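Quick notes on the structure that follows.
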Amino acid sequence: MTSLTARDKTTVKAFWNKISGHGPMIGQDALTRMLAVYPQTKTYFAHWKDQSPTSESAKKHGMTVMGGVADAVTKIDDLSGGLLGLSELHAFTLRVDPSNFKILAHNIMVVMAIMFPVDFTPEVHVAMDKFLAALARALAEKYR
Amino acid sequence: MVAWSDQERATITGLWGKMDIGDIGPQALRRLLIVYPWTQRHFSSFGNLSSIPDIMSNAKVAAHGKVVMGGLENAVQNMDSMKTAYAKLSVMHSEKLHVDPDNFRLLAECITICVAAKFGCSVFTPSVQQTWQKFLAVVVSALGRQYH
């Protein structure tokens with residue numbers, strides 16, 4: 001897959017500037033949708049008392065994950081280096097199957113489309129898709 | 001065979017009833033060609049697809065988007081027998097058009113994004129999204145069924 005062009009990075013940063021205040025809400029809704037639409041993802045949360053898509057744990061975790069995405073935007077020029085700690089966490093502790101990153105990315109973008117139907121243009125869509133894919137690659141880097 | 005609850009059937013027919021295929025179809029096909037540009041390989045006869053503005057203003061893309069989206073009517077009418085309903089189209093996509101069936105999944109994602117943007121969070125709830133994506137997954141599967 002391709003790496004991010006200068007234009008991709010500008011597009012992602014500009015869109016993120018517009019929406020960053022809604023980051024936590026986006027995260028909550030994206031995680032809720034992921035658990036509802038792809039129930040196999042619940043296997044990573046067996047330790048939660050309440051694994052339902054709208055549980056407090058789910059919402060809180062959505063916000064945590066989106067915080068990670070926000071951080072990644074600031075490190076867009078060097079995702080592998082900037083996300084080293086998170087990468088090690090996902091590789092050695094969480095061991096989330098990388099196919100799930102794509103699932104969550106899809107749900108993040110569904111929420112972006114819902115909340116920002118005018119701003120989430122095809123141009124923003126492709127840049128965001130590439131960014132989230134690059135982010136996923138950085139997170140999976142230490143897996144093997 | 002896929003099992004559909006009464007609730008799921010109602011969700012699909014309800015959503016489909018509100019859908020403007022002349023609007024969503026072109027939008028979804030444009031997004032497919034922009035977000036996954038390798039899909040342009042099937043549209044060399046459509047003229048200029050070299051930039052995002054070109055794709056957005058291309059009349060053939062818009063017309064074809066409407067055709068493809070209209071093809072979902074068949075699915076809504078035949079939810080219990082999609083494999084049969086799409087057998088001919090599946091053969092055509094395989095033998096005549098040579099479309100990689102993974103592209104159906106990509107188009108389904110683009111359609112979902114457009115539907116989400118159009119209907120917003122009060123209609124396109126997580127539960128509706130689940131049913132809609134299940135519906136599209138069955139269509140995608142039926143379209144890939146006759147490949148060999």
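A, B, ... follow the sequence lines: proteins, then strands. Residue 1 opens every chain. Predicted, not measured: the structure shown is a model, and the values here were computed from it.
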*What part of B:Thr125 lies closer than 4.5 angstrom to a heavy atom of chain A: side chain, backbone, both or neither?*
backbone
*Between B:Ile113 and A:Met109, is any pair of side-chain heavy atoms under 4.5 Å apart?*
yes
*Of the non-hydrogen atoms in B:Pro126 and A:Thr32, which two are nearest, and what is the gap between them?*
CG-CG2, 4.0 Å
*Distance from B:Cys121 atom SG to A:Arg33 atom CZ, nearest 0.5 Å?*
7.5 Å
*With only heavy atoms counted, which part of A:Thr121 is less than 4.5 Å from chain B, the side chain, the backbone, both or neither?*
backbone
_Do A:Trp48 and A:Val96 land in one hydrophobic cluster if side-chain heavy atoms of ILVMFWY residues count as linked below 4.5 Å?_
yes
_Working to the nearest 0.5 angstrom, can you tell me the gap between A:Glu123 CD and B:Met56 CE?_
9.5 Å
*Once you round to the nearest 0.5 Å, how far does CG of A:Leu35 lie from CD of B:Gln130?*
11.0 Å
_Are there over 12 heavy-atom neighbours, none belonging to A:Lys9, within less than 6.0 Å of that residue's NZ?_
yes
*Should the heavy atoms of other residues, nucleotides or ligands under 6.0 Å from NZ of B:Lys134 be counted, would the total exceed 12?*
yes
_Within this structure, what is the CD1-CG distance for the pair B:Ile34 and A:Asp129, rounded to the nearest 0.5 Å?_
12.5 Å
_B:Phe104-B:Met92 co-clustered via ILVMFWY side chain contacts under 4.5 Å_ = yes
*Can you see which heavy atom on B:Gln133 is nearest to which on A:Tyr38, and at what distance?*
NE2-OH, 2.7 Å
*Using non-hydrogen atoms and a 4.5 Å limit, figure out which bit of B:Tyr36 sits close to chain A: side chain, backbone, both or neither.*
side chain
*Nearest heavy atoms of A:Val110 and B:Ala116, plus distance in Å*: CG1-CB, 3.8 Å
*May I ask whether B:Trp38 and B:Leu33 are part of the same hydrophobic cluster, defined by side-chain heavy atoms of I, L, V, M, F, W, Y residues being less than 4.5 angstrom apart, directly or through others?*
yes
*asked:* If you count heavy atoms of other groups shown closer than 6.0 angstrom to CZ of B:Arg105, is the number above 12?
replied: yes
*asked:* Hydrophobic cluster membership, with links at side-chain heavy-atom distances under 4.5 Å among I/L/V/M/F/W/Y: are A:Phe120 and B:Val123 in one?
replied: yes
*Any link between A:Leu132 and A:Phe116 through a network of hydrophobic side chains (Ile, Leu, Val, Met, Phe, Trp, Tyr) touching at under 4.5 Å?*
yes
